[in-house]
Q: 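Supplied in C-alpha cells, the structure appears directly below.
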Amino acid sequence: MSRRLRLWLVLAGGAGLAVLLVAACLELPRFGGDHHPYGDRAVGASLARHTANTVASVNFDQRAFDTLGELSILFAAVVGCVVLLRQTRDEHRARPEPADVCAPVRRYALTVLPVALLIGLYVIAHGQLSPGGGFQGGVVAATSLHLLYLGADYRALERVRPLGLYEVGDALAASAYTVLGLAGLLGGTAFLANTLLPYGTFNTLSSGGTVPLLNAAVGMEVACAVVVLIAHFLDQAVEIEEGKEK
C-alpha cells in the first residue's frame, strides 16, 4: 500500500468520524437542561439494586462487561511490559548500595505509608457507597508501598514486594472477575448479571449484590498490576545494567 493511498484512507476515515460526531452532538440534550435519559435510567437502576454510588453501579453492574474489557487491557499491558523489560543475555543485575536518606524524608515517608495504604483499602472497600472504587483504590494502595523506597532503600521495598506473589494475585483477581460473570450463567441468568446475591440494605458495605465483589476483584488486580509494573521499571533503572557480569 502506497503512502498516498494510506493518506487518503486516513482522511476518508477521519471525515466519516467527524460526520458521525457532529450528528451525535446535534442530538444531545440542551445544555443545562434537566432531561438526561441515560442518567435517569442509570440512577434508577442503581437505586433499584441498592448501590449508593451510581458510577460503581454503571461500572460493575449495568456495564460490567465493559469493565471486564478495561481490566483485560490493563492485564495485557502489564504482561507486555514484563516481556519487554525482562533481563536479556547481555545484561546483569548489580545490587544497589543503600543510599542515605535525609531524616525529614524518612520520617514523612514511613509515617504516610500506612496511612496511604489504609486509604487505598478504604477506597476499594467503599467503592459501591462513595466516589472511588477498585481502580482508584488499587492505584493508591500499590503506590503507597513505594514510599518505603523513598524512606528506606530499594532492598527494603523488595522485601515487602515479592513479585511472584503479586503476579499470581494479578492473575487470580482478573480470573475472579470472569468467574463471577460465569456464575451468573450457571445461575440461569446472563453473564455478569447482578442476580446472584441479595442486594442488602441500602448504603451499607454489604449492599449492591455482586458490585462489591467485582469492585474488590478490580481493586486487587489494579494494585497487583501497578506493583508489578513499577517493579520492572525500577529494576531497569536501579538494578539491571548492560554488559555481562564480571
Side-chain angles (χ1 to χ4, degrees), residues 1-84 123-124 126-140 142-143 170 173-174 177-178 180-182 184-185 189-195 208-219 221-223 225-226 229-230 233:
M1 183 181 294
S2 65
R3 181 176 181 181
R4 182 184 295 273
L5 181 56
R6 289 198 300 268
L7 179 60
W8 278 109
L9 288 175
V10 170
L11 291 176
L17 289 175
V19 170
L20 293 175
L21 179 62
V22 171
C25 290
L26 292 176
E27 297 297 325
L28 287 173
R30 181 176 58 85
F31 181 77
D34 58 357
H35 179 61
H36 301 284
Y38 184 83
D40 294 340
R41 288 178 174 83
V43 172
S46 176
L47 295 176
R49 290 164 179 161
H50 297 185
T51 308
N53 182 9
T54 302
V55 175
S57 176
V58 171
N59 288 339
F60 304 113
D61 185 359
Q62 302 170 45
R63 298 182 62 181
F65 189 75
D66 291 354
T67 303
L68 176 61
E70 297 170 5
L71 191 72
S72 302
I73 290 172
L74 176 60
F75 184 81
V78 172
V79 171
C81 287
V82 170
V83 172
L84 291 174
V123 171
I124 294 174
H126 292 76
Q128 75 276 17
L129 305 179
S130 57
F135 285 101
Q136 298 86 345
V139 172
V140 174
T143 53
D170 188 6
Y177 195 102
T178 306
L180 286 170
L182 294 174
L185 291 176
T189 57
F191 182 69
L192 287 172
N194 189 359
T195 56
T210 57
V211 171
L213 297 180
L214 294 175
N215 178 63
V218 169
E221 199 277 336
V222 171
V226 172
L229 192 64
I230 295 178
F233 278 105

Q: Which atoms form the tightest heavy-atom contact between Ala174 and Phe75, and what is the distance?
A: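 Heavy atoms of Ala174 and Phe75 come nearest at CB-CD1, 4.3 Å.
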Q: Shortest non-hydrogen contact from Thr189 to Leu185?
A: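 Heavy atoms only, the tightest pair is O-CD2, 3.8 Å.
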Q: Check whether any side-chain heavy atom of Thr210 lies under 4.5 Å from a side-chain heavy atom of Phe60, and answer yes or no.
A: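 No, every pair of side-chain atoms sits at 4.5 Å or beyond.
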Q: Take Val211 and Arg49, measure what side-chain contact (heavy atoms from CB on, under 4.5 Å) needs, and give me the verdict at the end.
A: CA-CA 9 Å; Val211 171; Arg49 290 164 179 161; over 6 Å; no
Q: Just how far is it from atom CG of Leu21 to atom CG of Leu26, taken to the nearest 0.5 Å?
A: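 Leu21 CG to Leu26 CG: 9.5 Å, rounded to 0.5 Å.
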Q: Examine distances only and state if a side-chain atom of Asp61 and a backbone atom of Ser46 form a donor-acceptor pair shorter than 3.5 Å.
A: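 It does not hold such a pair.
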Q: What is the distance from atom CZ of Phe135 to atom CD1 of Ile124, rounded to the nearest 0.5 Å?
A: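 That separation rounds to 11.5 Å.
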Q: Would you name the heavy atoms of Ala217 and Tyr177 that are closest together and state the gap between them?
A: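 The answer is CB-N, 4.3 Å.
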Q: Can you name the nearest heavy-atom pair linking Val58 to Ala42, along with the distance?
A: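 Scanning both residues, the minimum pair turns out to be CG2-CB, 4.1 Å.
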Q: Is the number of heavy atoms from other residues, nucleotides or ligands under 6.0 Å of Arg6 CZ greater than 12?
A: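 Yes, CZ of Arg6 has more than 12 neighbouring heavy atoms, counting only those of other groups under 6.0 Å.
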Q: CZ/Arg63 to CD/Glu70 distance, rounded to the nearest 0.5 angstrom?
A: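 Separation between the atoms: 8.5 Å.
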Q: Enter the distance from Asn215:CG to Thr67:OG1 here, rounded to the nearest 0.5 Å.
A: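 These two atoms lie 10.0 Å from each other.
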Q: Roughly how far apart are Leu47 CG and Thr54 OG1, rounded to 0.5 Å?
A: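 Answer rounded to 0.5 Å: 6.0 Å.
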Q: Tell me if the CZ atom of Phe65 is crowded by more than 12 foreign heavy atoms within 6.0 Å.
A: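 Open: at most 12 neighbouring heavy atoms sit under 6.0 Å from CZ of Phe65.
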Q: If every non-hydrogen atom of Ala142 is compared with every non-hydrogen atom of Ala223, which pair is closest and at what distance?
A: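 Reported closest heavy-atom pair: CB-O, 3.4 Å.
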Q: Which value, rounded to the nearest 0.5 Å, describes the distance between Asp170 atom CG and Leu71 atom CG?
A: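 Answer rounded to 0.5 Å: 8.0 Å.
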Q: State whether a side-chain donor-acceptor pair under 3.5 Å links Gln128 with Thr51.
A: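 No, no side-chain donor-acceptor pair sits under 3.5 Å.
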Q: A side-chain contact here means heavy atoms from C-beta on lying under 4.5 Å apart; do Leu192 and Leu214 qualify?
A: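 Yes, close enough: below the 4.5 Å cut-off.
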